[in-house]
Every structure is written in C-alpha cells, then in structure tokens.
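No experiment lies behind these values; they were computed from the predicted model shown.
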Amino acid sequence: MKTTLKTSAVLLTLSLALSTGAVSAAPVVTSLNTGKTPQAAGISTIAAAKIFTIELNGSALTEQGFQPSAAKEPLVPLRAVAEALGFNLTWNQSTKSAEVTKGNIFTTVKSGENRYTVNKMATTLGAAPQTLENKLFVPASFVSEVLHQTVSLEGQKIVIASAIEHMTENGVITAINADKKFPSIQIKGTGTSGLVLNLSEDTVLLKADGTRLTVADLQIGMTIEAEHALFSTRSLPPQTPAYQITVLDSAQPEGLLGTEGAVESINTSQDGSLLIRINGTGLTETSQSEIVLRLPADAAIVNESGEPAKADAIAQGAKVIGFYGPMLTRSLPAIGTAWKIVVLPAQQQ
C-alpha cells in the first residue's frame with residue numbers, strides 16, 4: 001500500500017534531534033503564559049524545562065510546548081493543536097479524560113496515563129500526558145502517531161503540518177464483519193494478508209452508478225474501490241478507517257460463496273468449458289473447503305486488486321480464490337459455476 005505519510009521517519013528525526021542535543025538547553029523557565037514556574041503550576045517533577053514555539057501549517061500558535069528535564073520529547077498543548085488541525089475535543093467528566101475525534105479517528109487522553117487508542121488499538125508513546133495550568137499536554141509524537149499529522153523539530157520550534165488524509169486502492173472483498181458496532185471488510189487477501197477496512201456511520205457505501213448501499217448489501221467477491229486513511233495499524237492484517245467504498249461490479253449473484261486454496265487439477269468438460277478443482281478453505285460457514293468450478297466464458301479472472309489477469313495464470317498448483325453462487329451439486333466434491341477467480345500473488349502461494 002502506497003503512502004506519503006512517513007511517520008516512522010518523522011519520529012526518527014525527532015528522536016535524533018533530541019538525543020544528539022540538536023535542541024539547545026534553556027535555563028529554568030517561567031511559566032508558558034502566567035509567569036509561574038512549572039513547579040508552582042503543579043508539576044513538581046520538573047526541575048527545568050525547555051520552551052518550544054509551535055508552528056502549524058505555516059502559522060505560529062500563541063500557545064507553546066515544553067520539555068521537562070527528564071522527558072524524551074517535548075509536550076504540546078492538546079486542545080490548541082487538535083482544534084487547529086480540525087479535531088473536536090471534549091472533556092469526559094466521568095472518566096476525567098479528553099476525547100479527540102475527527103472522521104474515523106477517535107482517541108482518549110488521560111493525564112499521567114501513557115496509553116492511547118489508535119484505530120481501536122492501544123499503544124504507548126515516549127511520554128504520558130501531563131497537566132499544566134489546567135491544560136492537558138501530550139508528547140509531540142501523539143500528533144504524528146495518533147492524529148497522523150507530520151511533525152518535525154527545527155531548533156526549539158515544533159513544526160506541524162496537516163497530512164494528506166486519504167488514499168484510494170482497489171481490491172476484492174474476502175471477508176465481511178457485519179458487527180453493528182464495529183463493522184469491517186477485508187480485501188486483497190485472507191487471514192493475516194491483505195487489508196482490513198474499518199467502517200463507521202460516516203463511511204459512504206455506493207454502487208458505481210452512485211446508488212447508496214448498506215453493509216448488508218456487500219458480498220465477498222465484490223471488487224471495490226476504497227477511499228481510506230493513509231495510516232494503518234501494525235497488526236496483521238493491518239487495519240485502516242474507510243471513508244468511502246464503491247462497488248465496481250455491475251452485477252453479482254446473490255449469496256456468493258468463496259473457496260481459497262490450491263488448484264489441484266484442471267480438466268475440460270463435455271461442453272468445452274474448463275473445470276478447476278480447488279482444495280483449501282471456505283471463506284464463509286456455508287462455503288466449500290473443496291470445490292470443482294466450471295469456468296464459463298464470462299467468468300472474471302482477476303488479481304487481488306480486481307484487475308484482469310490472464311487465463312493461463314490459473315495453473316495446477318496456483319493459489320486462487322474461487323467465488324461462486326449457492327447452486328451446487330450434491331456430489332463430493334460439489335460442483336458449481338465460477339463467477340470470479342482471483343489469482344493470488346506468489347507471496348501468498
């Protein structure tokens with residue numbers, strides 16, 4: 001998956017700048033705004049701090065960041081930075097935490113707790129949030145790792161730039177999680193391969209002609225165009241929020257089934273069509289683990305991205321996913337008619 005957001009490189013630059021002394025030392029400072037020392041403002045663990053100005057999208061923020069003497073990285077004011085980036089911040093009195101949201105990004109921040117949610121998965125950063133003068137400060141890496149913006153250091157200036165938020169890629173749906181609270185679909189592979197697209201009430205689902213769809217209208221085997229975030233989790237498979245899903249197939253059978261596996265044999269039927277035998281794993285509860293599929297002339301043969309593939313890519317031993325309708329013979333193995341065959345790349349074979 002292509003991406004222009006290089007968070008790890010940004011954080012490496014940030015880490016090197018801090019560890020090599022690129023940020024010059026500063027004397028014990030007065031407060032960020034009121035003239036009080038940090039200790040008097042309620043952070044007794046700070047013996048000395050470095051002050052950082054903050055530049056966001058070319059403009060200087062009136063509020064500043066600071067770095068406690070023992071901290072690995074500077075801290076920035078959460079509300080000022082988040083709201084300047086278009087995020088909504090609300091205070092949850094019951095949990096004593098700040099909730100930060102924008103589109104499919106949601107996280108909670110609690111003073112003193114080094115635990116952050118990134119796309120529904122917990123992570124830690126270089127420092128815990130701290131409260132100063134009744135304002136919540138978060139490590140600078142929070143802006144890149146959690147809010148997914150670009151962050152760098154220039155001396156004692158923290159430079160923040162809004163990142164491009166969306167990218168588009170195509171893929172064939174291999175799994176659907178219809179959970180009402182956290183629905184998702186998987187494309188471009190099964191198991192630990194491919195990509196999981198997390199859906200929300202803000203995700204737009206469409207046919208190619210613009211007709212609106214729901215999660216219940218999606219089926220495995222569909223080729224889709226997904227507009228999703230540039231960032232993803234480090235899980236296998238990675239997960240990312242989806243902003244829009246467009247089904248590219250003009251029509252598809254109802255109740256599609258799917259089998260992933262190796263092509264065991266290829267034969268020719270009496271009417272001249274190919275018969276391919278796939279042995280592997282069913283993709284749904286009612287899918288076959290072993291299936292013989294008749295390959296009609298109008299069956300789509302594609303790669304994992306839904307792009308046309310050559311018919312000779314279906315060879316004995318090749319790993320494929322066969323999608324077919326529910327009308328099957330009662331033989332062993334069952335025989336059906338292929339609607340779409342996905343030829344998987346070599347690394348998944």
Side-chain angles (χ1 to χ4, degrees), residues 1-27 29 32-33 38 46 48-87 89 98 100-105 107 109 114-119 123-130 132 135-167 228-234 238 240-241:
M1 181 176 63
K2 297 181 179 179
T3 176
T4 59
L5 178 60
K6 303 296 184 182
T7 298
S8 59
V10 171
L11 292 179
L12 178 59
T13 303
L14 178 61
S15 176
L16 288 174
L18 295 175
S19 62
T20 57
V23 180
S24 59
V29 296
L32 305 184
N33 293 308
I46 302 176
K50 303 169 187 175
I51 290 296
F52 290 80
T53 59
I54 302 173
E55 180 182 292
L56 196 153
N57 292 330
S59 299
L61 292 186
T62 56
E63 297 192 31
Q64 298 173 309
F66 72 99
Q67 183 180 356
S69 59
K72 295 180 180 179
E73 59 179 286
L75 305 177
V76 298
L78 175 60
R79 181 178 291 276
V81 170
E83 291 184 346
L85 288 168
F87 288 81
L89 188 146
V100 184
T101 58
K102 182 182 180 181
N104 288 34
I105 299 177
T107 189
V109 180
N114 188 7
R115 179 182 174 86
Y116 309 87
T117 302
V118 182
N119 199 21
T123 189
T124 58
L125 299 176
Q130 295 189 31
L132 176 64
K135 294 180 181 179
L136 194 56
F137 287 75
V138 293
S141 56
F142 175 89
V143 182
S144 54
E145 286 287 284
V146 182
L147 303 187
H148 306 291
Q149 311 300 310
T150 301
V151 181
S152 60
L153 282 183
E154 296 179 3
Q156 285 185 226
K157 179 170 69 174
I158 301 169
V159 179
I160 302 171
S162 297
I164 299 173
E165 296 182 354
H166 297 184
M167 69 171 293
H228 63 82
L230 285 172
F231 61 87
S232 62
T233 64
R234 297 177 184 177
T240 188

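Looking at residues two or more places apart in sequence or on another chain, you find no side chain to side chain donor-acceptor pair (under 3.5 Å) involving N114. With sequence neighbours excluded, the residues that form a side-chain contact (heavy atoms from CB on, under 4.5 Å) with A161 are N57, T150. Take R79 and apply the side chain to side chain donor-acceptor pair (under 3.5 Å) test, not counting sequence neighbours, and it matches E83. When the side-chain contact (heavy atoms from CB on, under 4.5 Å) test is applied to L78, the partners found at least two apart in sequence or on another chain are A82, L89, A98, V100, V109, L136, V138, F142. Take T53 and apply the side-chain contact (heavy atoms from CB on, under 4.5 Å) test, not counting sequence neighbours, and it matches Q64, K157.
Here the closest non-hydrogen pair linking I54 and P77 is CD1-CD, 3.5 Å. Contact between Q130 and P68 at its shortest, heavy atoms only, is NE2-CG, 4.0 Å. What you find for I51 and Q156 is that their closest heavy atoms are O-NE2, 2.8 Å. Closest approach of T240 and S232 over heavy atoms only: CB-CB, 4.1 Å. Minimum heavy-atom separation, A128 to L75: O-CD2, 4.5 Å. Listed here is the closest heavy atom pair of L56 and V81: CD1-O, 4.0 Å.
A donor-acceptor pair is defined here as one N or O able to donate and one able to accept, closer than 3.5 Å; such a pair exists between the side chain of E73 and the backbone of S141. In this structure, the side chain of E63 does not engage the main chain of L61 through any donor-acceptor pair within 3.5 Å. In terms of modelled atom types and a separation under 3.5 Å, the side chain of K102 and the main chain of L85 share a donor-acceptor contact.
Remark: R115 CZ to T124 OG1 distance equals 9.5 Å, nearest 0.5 Å.
Within the 4.5 Å cutoff, side-chain heavy atoms of F52 are placed close to those of L153.
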**OP:** Please report the C-alpha distance between E145 and T123 in whole Å, then the side-chain angles of each, then the deciding distance to 0.1 Å, and finally whether the side chain to side chain donor-acceptor pair (under 3.5 Å) criterion is met.
**Re:** CA-CA 9 Å; E145 286 287 284; T123 189; 5.4 Å; no
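By the 30° and 60° cut-offs, the orientation of the rings of H148 relative to F231 is parallel.
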